[in-house]
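Here's the structure we're looking at; comments come further down.
The structure presented is a predicted model; accordingly, all values stated were derived computationally and were not measured. All chains are named by letter (A, B, ...) in the order of the sequence lines, taking the proteins before the strands, and each is independently numbered beginning at 1.
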Amino acid sequence: MISENPRVRFAPSPTGYLHVGGLRTALYNYLFAKKNNGAFILRIEDTDRTRLVEGAVENLITTLKWAGLDYDEGPGKDGGLGPYVQSERLTIYKKYTDELVQQKKAYYCFCTSDRLKQLREDQQKTGLQSKYDKHCLHLTENEISEKLKNNEPFVIRLNVQPDELIHIDDIIRGEVTFNSNVVDDQILLKSDGYPTYHLANVVDDHLMKITHVIRGEEWLSSTPKHILLYQYFGWEIPKFAHLPLLLNPDKSKLSKRQGDVAVEDYRAKGYLKEALVNFVALLGWSAGDDREFYYLDELCRSFALERVNKAGAVFNIEKLQSMNFAHLQKKSDEELLILLKEELASSDFKSHSLSDEKLLLVIQAMKERINFVKEIILNAGYFFTIPQSYDQDAVKKRWTLESPQLLQKFIEAIQKTDNPLKEDYENALHKVAEEVAVKNAAIIHPLRLAVSGVSGGPGLFDIFFILGKEETIKRINIALEKIKT
RNA sequence: GGCGCGUUCGUCUAGUGGCUUAGGACGCCGCCCUCUCAAGGCGGAGACCACCGGUUCGAAUCCGGUACGCGCUACCA
């Protein structure tokens, strides 16, 4: 347990959509906050104007909300330490860089990108680490004001001192040490007046009283820059926790090229938020026992940063799918009804005439045969409309010369029944089979084909009951005309 | 190239010096159930714990080195 109420943040860039890796980072932050009675803050890091995407912030917020990760402070939810969008905080960053420049902990740099590029190439050729050479550090006050007067573009760089050891005490990785000689004089303020991630991140984390920085491992290498900034400003350094990366099957950092990475893609495919959250929570964390099925509130209670793994985790779709199945099975029929009606509304069967009562029966029949609600429509469209075709392999295998007369007899048998139940269909069939002295299967298989067009699915008598007597007879008759051997 | 991080079944993981002939889950295979497809039940294959060396009575677990993988190395985050 953390003694003081911690404050954590999820700080995405609005570049279009919420990445599943981002979802996990957000989730771990959220879980940590909830577990320790802390605050979960959303901050938008939109300092790269070249990568801005229209509507991305709204999309991010909607998706986060869909997943159930509501933030305590953030855009539209002022906690007194806003604004929570970095592009609205430019004067703040300016103020703090000025302070650093005054104390000579940062300096103006007028180098052109051409010179920088050349420098990098030269260093690479000689096998050196590519690093800024402090060329502009020695500019005099006069030279600087002269250049500023001439409107020469400039950036502000961090003035890193050599030969210092910088220690990071990471909750997940333990102590990590860097020598300041490998830390570049990072640009803090870009020539367009916007801060870089490094500056904005540190300033905001401090101003927003962030106690724990929980973020992806890709940030570990730049953490020394951040530590230096905290030290230069004289600020307390937050605790760090660098999360293992989410990986493609080839172990590279999870990327778009190798599959879906946007949370909205998974949502659109029909994954339940419960399954996605559960799955992603287990990618890099476990409670230490064999339990794998969790709801969000249960995760909140069990989560511990100390138990997060160090190694990256391959994002395995098959496991996610089985997770979806598991969560689907736990849903009540009524919950599934809502989801099914949503899917139906945007399907070919939107003008179906089934009552909620019938839909509930369809759900009961199909539930354990699907990984996604939409598969009810995809795999069992016959509940909503007469089969448009008959599976030819099944016809070949199940439709025999005697099938027509058997089905005919079955029609006659059920014709006599009144409001038949599942058992009545079954009894009728058994009786026919007995009369003609064939196995039940000899009638069942062609019947299933006639009524559904396919060879698999729920119990035949369940299908009959859901369709009703009239519809069942009608379909058999149509099949008798259409199916030729 | 430099710096950093990592390495247990195909994949996600349990394991924090003896409980381990390394446990679970997904996937795969087989059997049972069965009108089909699933689900479910039972069983199976699958990890010389990356490698080498050290510490120890004893190591997947501690230490060192090597290899491999990944990340960072931008006026991107």
Side-chain angles (χ1 to χ4, degrees), chain A residues 11-15 45-48 50-51 109 111 113 116-117 120 123-131 153-157 168 170 172-173 176-179 181-184 186-198 200-201 215-224 242 244-245 247 249-253 279 282-293 309-323 325-326 329 366-371 379-380 394 397-398 426 429 439-445 447-449 452 454-461:
Chain A
S13 291
T15 53
E45 310 222 326
D46 58 346
T47 56
D48 184 356
T50 64
R51 291 211 302 172
C109 171
C111 288
S113 46
L116 260 22
K117 197 176 158 204
R120 250 194 306 272
Q123 287 170 331
Q124 242 144 42
K125 229 175 282 169
T126 43
L128 286 167
Q129 171 201 9
S130 68
K131 215 176 115 180
F154 68 92
V155 300
I156 305 285
R157 310 188 87 113
I168 302 167
D170 192 279
I172 295 168
R173 282 152 220 285
V176 182
T177 305
F178 289 84
N179 189 308
N181 294 341
V182 306
V183 180
D184 199 4
Q186 181 63 47
I187 291 176
L188 302 175
L189 203 65
K190 298 183 268 190
S191 57
D192 64 0
Y194 281 75
T196 56
Y197 170 89
H198 310 282
N201 197 261
R215 74 217 318 186
E217 192 191 349
E218 69 266 31
W219 293 109
L220 187 57
S221 303
S222 37
T223 304
H242 286 96
L245 259 21
L247 273 24
D250 72 357
K251 306 266 186 185
S252 57
K253 189 169 148 184
F279 171 67
L282 260 21
L283 249 29
W285 171 85
S286 85
D289 51 26
D290 289 336
R291 180 170 178 189
E292 294 203 328
F293 188 93
N309 289 148
K310 297 174 171 66
V314 172
F315 191 91
N316 184 303
I317 303 277
E318 282 173 340
K319 181 109 184 190
L320 170 58
Q321 215 169 88
S322 81
M323 203 100 235
F325 175 82
Q329 302 314 308
M366 289 301 293
K367 194 172 177 177
E368 63 196 17
R369 284 162 236 274
I370 52 167
N371 286 316
N379 301 344
K397 189 171 175 200
R398 304 293 194 186
E426 195 162 0
L429 185 131
K439 283 185 182 169
N440 294 334
I443 316 176
I444 285 174
H445 291 300
L447 264 180
R448 171 184 294 285
L449 191 55
S452 74
V454 293
S455 62
L460 220 216
F461 307 112

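Atom P of B:G24 sits at a distance of 12 Å from the matching atom of B:A45, rounded to the whole Å. Rounded to a whole angstrom, the distance from the C1' atom of B:C62 to that of B:A25 is 30 Å. B:C51 and B:G10 have their P atoms separated by 13 Å, with the value rounded to a whole Å. Going from the P atom of B:A50 to that of B:U11 covers 13 Å, rounded to whole Å. Distance noted for atom P between B:U7 and B:U61: 12 Å (whole Å). Remark: the separation of the C1' atoms in B:A47 and B:U8 is 6 Å, to the nearest Å. Distance noted for atom P between B:C28 and B:C33: 22 Å (whole Å). Of the C1' atoms belonging to B:C26 and B:U21, the separation is 25 Å, rounded to the nearest Å.
For A:Arg369, counting side-chain heavy atoms from C-beta on, the closest listed nucleotide (B:A39, B:A38, B:G4) is B:A38. Nearest nucleotide to the side chain of A:Lys310, out of B:C3, B:G6, B:A39: B:G6. When distances are taken from the side chain of A:Asn316 to each of B:A39, B:G10, B:G24, the shortest belongs to B:G10. With B:A25, B:U13, B:G40 as the choices, the nucleotide that has an atom nearest any side-chain atom of A:Asn309 turns out to be B:U13.
Between A:Asn179 atom CG and B:C3 atom P there is a gap of 10 Å when expressed in whole angstrom units. Look at CD1 on A:Ile370: it is 12 Å from C1' on B:A39, rounded to the nearest Å. To the nearest angstrom, P of B:U13 lies 12 Å from CZ of A:Phe315. In this entry the distance linking CG of A:Leu283 with P of B:A25 reads 18 Å, nearest Å. The nearest whole Å value for the distance from the CG atom in A:Leu449 to the P atom in B:U36 is 15 Å. Spacing between atom CH2 of A:Trp285 and atom P of B:C12 amounts to 17 Å, rounded to whole angstrom units. One atom, CG of A:Asp289, and another, C1' of B:C12, lie 15 Å apart when rounded to the nearest Å. In this structure, the CG atom of A:Leu282 is 17 Å from the P atom of B:U11, given to the nearest Å.
When all heavy atoms of A:Lys190 and A:Pro195 are compared, the pair lying nearest together is CE-O, 3.3 Å. Minimum interatomic distance between A:Pro224 and A:Val183 (heavy atoms only, all atoms of both residues): CB-CG2, 3.9 Å.
Contact annotation for A:Gly457: base contact, defined as any heavy-atom pair under 4.0 Å involving a base atom. Using a 4.0 Å heavy-atom criterion, one finds that A:Pro244 contacts no nucleic acid atom at all. Here A:Phe325 lies in heavy-atom contact (under 4.0 Å) with sugar-phosphate atoms only. Counting any heavy atom pair closer than 4.0 Å across all strands shown, A:Thr15 reaches no nucleic acid atom. Residue contacts for A:Phe178: at a heavy-atom cut-off of 4.0 Å it reaches the sugar-phosphate backbone alone, with no base atom in range. When heavy atoms are screened at a 4.0 angstrom cut-off, A:Gly216 is found touching no nucleic acid atom at all.
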Walk along nucleotides 68-77 of chain B from 5' to 3' and tag each nucleotide B, S or - by protein heavy-atom contact under 4.0 Å, base first, then sugar-phosphate. --SBSSSBBB
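Shown here are the ring pair (Phe, Tyr, Trp, His ring centres under 6.0 Å) partners of A:Phe325, two or more places apart in sequence or in another chain: there are none. Under the salt bridge (charged side-chain N to carboxylate O under 4.0 Å, His left out) criterion, A:Lys131 pairs with no residue, sequence neighbours left out.
B:C26 and B:G10 make up a base pair, with Watson-Crick or G-U wobble contacts both under 3.5 Å. For B:G1, the paired nucleotide is B:U73, the pair qualifying as Watson-Crick or G-U wobble because both relevant distances are below 3.5 Å. The partner of B:C49 is absent, by the rule that a Watson-Crick or G-U pair needs both atom distances under 3.5 Å. When both pairing distances are held under 3.5 Å, B:U20 makes no Watson-Crick or G-U pair with any nucleotide shown. Partner assigned to B:G58 is none, using Watson-Crick or G-U wobble distances below 3.5 angstrom.
The main-chain N or O of A:Ser252 is found under 3.5 Å from a side-chain atom of A:Asp250 such that the two form a donor-acceptor pair. In terms of modelled atom types and a separation under 3.5 Å, the side chain of A:Arg448 and the main chain of A:Pro458 share a donor-acceptor contact.
Checked by distance alone, A:Lys367 brings no side-chain donor or acceptor within 3.5 Å of a matching partner on the base of B:A39. Between the base of B:G1 and the side chain of A:Gln123 there is no donor-acceptor pair shorter than 3.5 Å.
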Determine whether A:His242 and A:Arg173 satisfy the following criterion, side-chain hydrogen bond (donor to acceptor under 3.5 Å, both in side chains), listing intermediate values before the conclusion. CA-CA 7 Å; A:His242 286 96; A:Arg173 282 152 220 285; 5.6 Å; no
Trace of the side chain to side chain contact (heavy atoms under 4.5 Å, CB included) decision for A:Arg215 with A:Asn201: CA-CA 12 Å; A:Arg215 74 217 318 186; A:Asn201 197 261; 3.5 Å; yes
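Along RNA chain B, the nucleotide closest to A:Val314 and the one closest to A:Asn440 are compared, and the more 5′ of them pairs with A:Val314. With the nearest nucleotide of RNA chain B identified for both A:Leu460 and A:Ile172, A:Ile172 has the one nearer the 5' end.
Aromatic ring orientation, A:Trp219 versus A:Tyr197: parallel (interplanar angle below 30°, classes split at 30° and 60°).
Remark: A:Lys319 engages A:Glu292 in a salt bridge, criterion side-chain N to carboxylate O under 4.0 Å.
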